[in-house]
Structures are given as C-alpha cells and as structure tokens.
J.: 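I have a structure I would like to understand better, so I am pasting it below and will then ask my questions one at a time.
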Number of protein chains: 2
Amino acid sequence: MEVEATTLANKVCDRIVKDIITGDIAQGQKLNEPELARIHGISRGPLREAMSRIEAMRLITRVPNVGARVVKLSYGELLEIYQIRESLEGLAARLAAQTMSVEEKSELRLLLTSHHKHILDTQGRSYFQQEGDVDFHYRIVHGSKNKRLIDMLAGDLYQLVRMYRYQFSLSSNRPEQALKEHDQICSAIEEGDGELAEWLMKRHINNARNNIMLRMQAQSDPQIGETP
Amino acid sequence: MEVEATTLANKVCDRIVKDIITGDIAQGQKLNEPELARIHGISRGPLREAMSRIEAMRLITRVPNVGARVVKLSYGELLEIYQIRESLEGLAARLAAQTMSVEEKSELRLLLTSHHKHILDTQGRSYFQQEGDVDFHYRIVHGSKNKRLIDMLAGDLYQLVRMYRYQFSLSSNRPEQALKEHDQICSAIEEGDGELAEWLMKRHINNARNNIMLRMQAQSDPQIGETP
DNA sequence: TCCATACATATTGTCTACACTTTTTACGTA
DNA sequence: TACGTAAAAAGTGTAGACAATATGTATGGA
C-alpha cells in the first residue's frame, strides 16, 4: 500500500477549509497566523502556503500587512452561485448524456434507486438527501469528462455550496420532488438526449434555488452577515 | 496618490503568470525554486506562496517533493474551455442585458464603433482585434454584476485563453464577422433582451470555436504538447 | 471632554539555515 | 557492455529569527 505523499501545507489547508465550511471558524473571523500555526502544530511557512490556496478558492480574503478574514456569506452571493451552477451543471448534464459509458449510466441509476429506498425508509424527512443530492450532481459532473468543468464545479464551487448548506441549514425539504427530477435527468442521460438532460438539469437547479429563496425569506431576516 | 500596498509574493506571482502566458516560461517546463527566487531577487518563502496561487489557477502542476511544471496546452483542453465560455458568457450576456446601466450600454456601443473604425483603418488584417475582442467580452462579463461569475471569467479562465492566444497565435482571422456578431449582441443588450443576448453570445463563441478548430486542423499536426 | 501625537505591542512579511526527499553520478559486479 | 547499488548532489519542505507594518494605548494639549 502506497502512502500518498503530501505536505504539511496540503494537510493543514484541507483541515482549515473543513473548519471554515462547517463554521468552526466563523464567517468574517480574523485568522491569526501564529495562533493557527500553533493549533495545527506547524510553522508559519507552510501555513501561509495553505492560506494562499484558501484565498485562491475565495474562502478567505487577505489584505497585505493586515491579515486574512473568512468571507461572509450572503443571500445575494448564494443566488449568484446558483445562477452559475444552473449554467454549468446544465452543460455538464448535456455532455454527460453524450459521453457517459454504459457502466456509468447504470451506476447512476443504481444510485437513484438507493436514494429512493432511503427516502421511503425515513418517511421523506431525509437528512441524507442532502448528501445524496451532492452525490448525484457529483457523478454527472464527472460524467461530463470535461476536466476543467469538473475542477470548477467539484472543486471550489461545491465547497462554497457545502458551506452554505452547513451554515444556513439548507437541506432539502422536498426530497421526493428532487428525486423525481433526478429520475427525469437520469432517464434523459440514459437515452443520450443531451438537450433534454440540460434543460431538465437547469430547471432542477432553478427549482432548488426558488425553494431556497422562499425559505430564506420566510426567516424574516436571514441570519446573514452582520458579524462586525 | 496612494501607492497600492502589496507583497513580494503578489508581485512575483503576477510576473511569473505573465511569463507563463507569453511563453517565456515554456509549456511543461520545470520550475526551479532557487533559480526562480534568484531571478526575481526574493527568497523562497514568498516565491512558494506565489507558486501556490499559480497552482490554484491551474497554470502549473505541483507534485510533493518533486516540483512544479508549467501545464501543457492541448487541443482538447482548448475545446473544453470554449464549451465553458459558451455557457458562462451566455449567462453573462443575459444578465448584462438585464442589469447594465444606460451609461454602460452606451460605452459598450462606443467601444464597438471604435473597433469598427480600427478595422477599416487596418483593412481587416486587424491584429488588435484580438485585444478588442477581449475588451468587448470583458465589459459584458463585468456588466453581469455577478461577482463570482466575473471572478471566474475575467480571472483564471481568461488567463488561460490569453495563454492559448499567445502560444498558438489564435488572433481572429475574421474580424468583420466577429464585429458584426458583437454588434448584434450589443443591440440585444441595449434592448434589454436577455434571452436573445444569451443566444447570440453562445453562437458567437461557438463560431469562434469552430474557426479555431478549422485552423488548427489545417496545421497538419498542431504544435501542441509533445515536449518531453 | 475631545483630539492628535508618540510610544508599545502585536501581527504580518521576509530571509536564512537546516532536514528530508528525490535525482543524478560514480562505481563495482555479472 | 549492461545492470544494480551506493554515494553525492540537487531540490523541496520546514522551522525559527529578524524586519517592516499596522494596531492599540497612553499621554499631552486645546
């Protein structure tokens, strides 16, 4: 068994990203280098490399000679992200329909049946639907075979989506409906109908966005920003 | 006049990115840290921070304990990039049509007339059309007001596009046609017709892609990769 | 009381030195 | 000659110290 070679900077980068996504490091919080280095048991050199990467994925913002802060999530930015996802994942679905292998397609279908089973088991109040949703989208994105598209969607953008899900508790409250839409998309992909798959995926993400908007407006004033 | 505060890592990052884009640092070339540090007159600390960021924008790839190499451009990846641009810039055009201010729209129109003049002056063999094209797209992207979209398109992705343009000499050989398409897009934006603007932009980028494909196939075997 | 200035502290930016890994070179053996 | 092994060199990863900048605090004057 080969132990994957890596660096302290890599490991600490992953850990900090995780902490930011889960909210263990709060929005807008200042990142103190000596403190962070001490916490993770490394020196400031590799830590700063890690921070450079985290900055590049736009989870923190840095001001020269001042320091780094975790970004603040906002309602507006969430909508921006969904606009982009609609566009890019639509593309991914079209490409997936054209290029996914038979094996990949049948695995996708299997994934859906397991989701269906899970929803029945949990009577619809499926917490895991959230991760299942990620799974489904993740597979389609990879099925597109477009490396750069995969990097963009499965990389930085999904980290952000996960961050919002964690910190705004955005798990789906309509698992049956989402599953039905997934099923339609899967069928289109199985039939190699790229155009339809794209259209369905866009509508699916648009529905999800509208759903989120409604729920956020319901919370009279969403718990966003305003941490001075 | 305020001198923008910055760090050595930032400055050197920009310089190295530029060198990679122009080809002064060749595709696939190994980056030697002590040598690079000496060239730019800094120590390895800030240099490595710069490299972390350049890695994040996927202009170099790094292997732990081995080193960093400049990525290799490929025909396939160029097509991937154009697929993504078609999707995202289509979105940008739609948003721009909906949100650009009157001033922005008239500036966009002014830009086009100056391009038109320039093409007439240079009898169509417009070298600068290339940069003008970038300008036009750049403005629309910014007109979308979607910050993340702007970051994605005007940031890493355009660096890549510029790299291909430099190293494959991909300046447009159809400036009049491109200008006409720009004009159509501009009109749609002026009228606030987002759907049409999106459709036109997608076709425009698709045309550009087809044009590039033809020219690359013309070069019996494109001067791509194969630098061992 | 309020503001401005100067000092003290904390934090970031950078450099140098050292440890560890990989690659290259030299050598000996089949 | 070809191959494998071991030493040497080069290169990357990390730590700690120093320099430069920003922030906070205290003091003095209006």
Side-chain angles (χ1 to χ4, degrees), chain A residues 1-17 19-20 24-72 227-228, chain B residues 1-17 19-20 24-72 227-228:
Chain A
M1 196 58 185
E2 185 65 35
V3 178
E4 185 77 16
T6 189
T7 68
L8 291 184
N10 277 324
K11 280 185 279 195
V12 170
C13 178
D14 290 346
R15 286 166 63 181
I16 295 177
V17 165
D19 286 345
I20 290 176
D24 291 349
I25 304 177
Q27 298 174 41
Q29 183 175 326
K30 173 86 184 294
L31 297 183
N32 183 300
E33 291 184 10
E35 188 188 339
L36 262 183
R38 188 180 47 72
I39 289 174
H40 294 95
I42 63 173
S43 73
R44 282 178 53 222
L47 176 72
R48 284 174 61 88
E49 284 184 46
M51 288 174 68
S52 290
R53 279 206 285 271
I54 299 174
E55 182 191 15
M57 57 171 75
R58 305 181 204 291
L59 290 179
I60 65 175
T61 57
R62 256 176 153 180
V63 180
N65 293 312
V66 174
R69 309 195 86 95
V70 178
V71 297
K72 291 182 187 172
T227 317
Chain B
M1 196 58 185
E2 185 63 36
V3 178
E4 184 77 16
T6 189
T7 68
L8 290 184
N10 278 323
K11 280 186 279 196
V12 170
C13 178
D14 290 345
R15 286 166 65 181
I16 294 177
V17 165
D19 287 344
I20 291 176
D24 291 349
I25 304 177
Q27 298 175 43
Q29 183 176 325
K30 172 82 184 294
L31 298 182
N32 183 303
E33 290 184 10
E35 187 188 340
L36 262 182
R38 188 179 47 73
I39 290 174
H40 293 95
I42 64 173
S43 74
R44 283 179 50 223
L47 176 72
R48 285 174 61 88
E49 282 184 46
M51 288 174 68
S52 290
R53 279 206 285 270
I54 299 174
E55 182 190 15
M57 56 173 76
R58 304 182 204 292
L59 290 178
I60 65 176
T61 57
R62 256 177 154 179
V63 180
N65 291 312
V66 173
R69 308 194 87 95
V70 178
V71 297
K72 291 182 188 173
T227 316

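So you know, we letter chains A, B, ... as the sequences are listed, proteins then strands, and number each from 1.
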J.: Nearest 0.5 Å, what's the CG-CZ distance between A:Asn10 and B:Arg62?
T.: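 Between A:Asn10 CG and B:Arg62 CZ, I get 8.5 Å after rounding to 0.5 Å.
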J.: Classify B:Leu31 by what it touches in the nucleic acid, base, sugar-phosphate, or nothing, heavy-atom distance under 4.0 Å.
T.: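 Contact class for B:Leu31: sugar-phosphate only.
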J.: Taking OP1 and OP2 of C:dT12, is either one under 4.0 Å from a side-chain nitrogen or oxygen of A:Lys30?
T.: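 Yes, such a contact exists.
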J.: Which residues satisfy the side chain to side chain contact (heavy atoms under 4.5 Å, CB included) test with A:Val71, sequence neighbours excluded?
T.: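 Partners of A:Val71 by the side chain to side chain contact (heavy atoms under 4.5 Å, CB included) criterion, ordered by chain and then number, come out as A:Thr61, A:Met163.
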J.: Scan residues 57-66 of chain A against DNA chain C and write down, sorted by residue number, each residue with any heavy atom closer than 4.0 Å; if none is found, say none.
T.: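 Contacts with DNA chain C under 4.0 Å: A:Pro64, A:Asn65, A:Val66.
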J.: Nearest whole Å is fine: how far is C:dG13 C1' from B:Glu49 CD?
T.: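 So the CD-C1' distance, B:Glu49 to C:dG13, works out to 8 Å.
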J.: How bent is the helix from C:dT1-D:dA30 to C:dA30-D:dT1, comparing axes over its five end pairs at each side, to the nearest 10°?
T.: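 The end axes of the helix from C:dT1-D:dA30 to C:dA30-D:dT1 are about 10° apart, to the nearest 10°.
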J.: Are the side chains of A:Val70 and A:Leu59 in contact, using a 4.5 Å heavy-atom criterion?
T.: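 No; the side chains remain at least 4.5 Å from each other.
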J.: Whole-Å distance between C:dG13 C1' and A:Glu33 CD?
T.: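 The answer, rounded to whole Å, is 8 Å.
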J.: Would you say that B:His40 contacts B:Leu8 through its side chain, given a criterion of any heavy-atom pair below 4.5 Å between the two side chains?
T.: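 A side-chain contact is absent here, since even the closest heavy-atom pair is not under 4.5 Å.
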J.: Starting at CD of A:Gln29 and ending at P of C:dT11, how long is that distance when rounded to a whole Å?
T.: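 So the CD-P distance, A:Gln29 to C:dT11, works out to 13 Å.
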J.: Are any non-hydrogen side-chain atoms of A:Thr7 and A:Pro46 less than 4.5 angstrom apart?
T.: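 A:Thr7 vs A:Pro46: side chains apart.
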J.: Check whether the side chains of A:Arg48 and B:Ser52 place a donor and an acceptor atom closer than 3.5 Å, and report yes or no.
T.: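 The answer is no; no qualifying pair exists.
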J.: Using the side chain to side chain contact (heavy atoms under 4.5 Å, CB included) rule, take B:Arg69 and B:Val63 through it: C-alpha gap first, then chi angles, then the decisive distance, then the call.
T.: CA-CA 9 Å; B:Arg69 308 194 87 95; B:Val63 180; over 6 Å; no
J.: From A:Arg53 CZ over to A:Glu55 CD, what is the distance, rounded to the nearest 0.5 angstrom?
T.: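 Between A:Arg53 CZ and A:Glu55 CD, I get 12.5 Å after rounding to 0.5 Å.
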J.: Among residues 34-46 of chain B, which ones have heavy-atom contacts with DNA chain D below 4.0 Å?
T.: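 Residues of residues 34-46 of chain B that come under 4.0 Å of DNA chain D are, in numerical order, B:Pro34, B:Arg44.
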J.: Rounded to the nearest 0.5 Å, what's the gap from CE on B:Met57 to CD1 on B:Ile20? Could you check?
T.: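 Here the rounded value is 9.0 Å.
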J.: I need the B:Leu31 CG to B:Leu47 CG distance, nearest 0.5 Å.
T.: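 Going from the CG atom of B:Leu31 to the CG atom of B:Leu47 covers 8.5 Å.
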J.: Between CZ of A:Arg44 and CD of A:Glu49, what distance do you get to the nearest 0.5 Å?
T.: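 A:Arg44 atom CZ to A:Glu49 atom CD measures 13.0 Å (nearest 0.5 Å).
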J.: To the nearest 0.5 Å, what is the distance between NZ on A:Lys30 and CG on A:Leu36?
T.: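 One finds 10.5 Å between NZ of A:Lys30 and CG of A:Leu36.
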J.: For a 4.0 angstrom threshold against heavy atoms of chain A, report the outermost contacting nucleotides of DNA chain D in 5' to 3' order.
T.: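 Contact span on the strand: D:dG13 to D:dT23.
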J.: The criterion is side chain to side chain contact (heavy atoms under 4.5 Å, CB included); which residues satisfy it with A:Asp14, sequence neighbours excluded?
T.: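 Residues passing side chain to side chain contact (heavy atoms under 4.5 Å, CB included) with A:Asp14: none at all.
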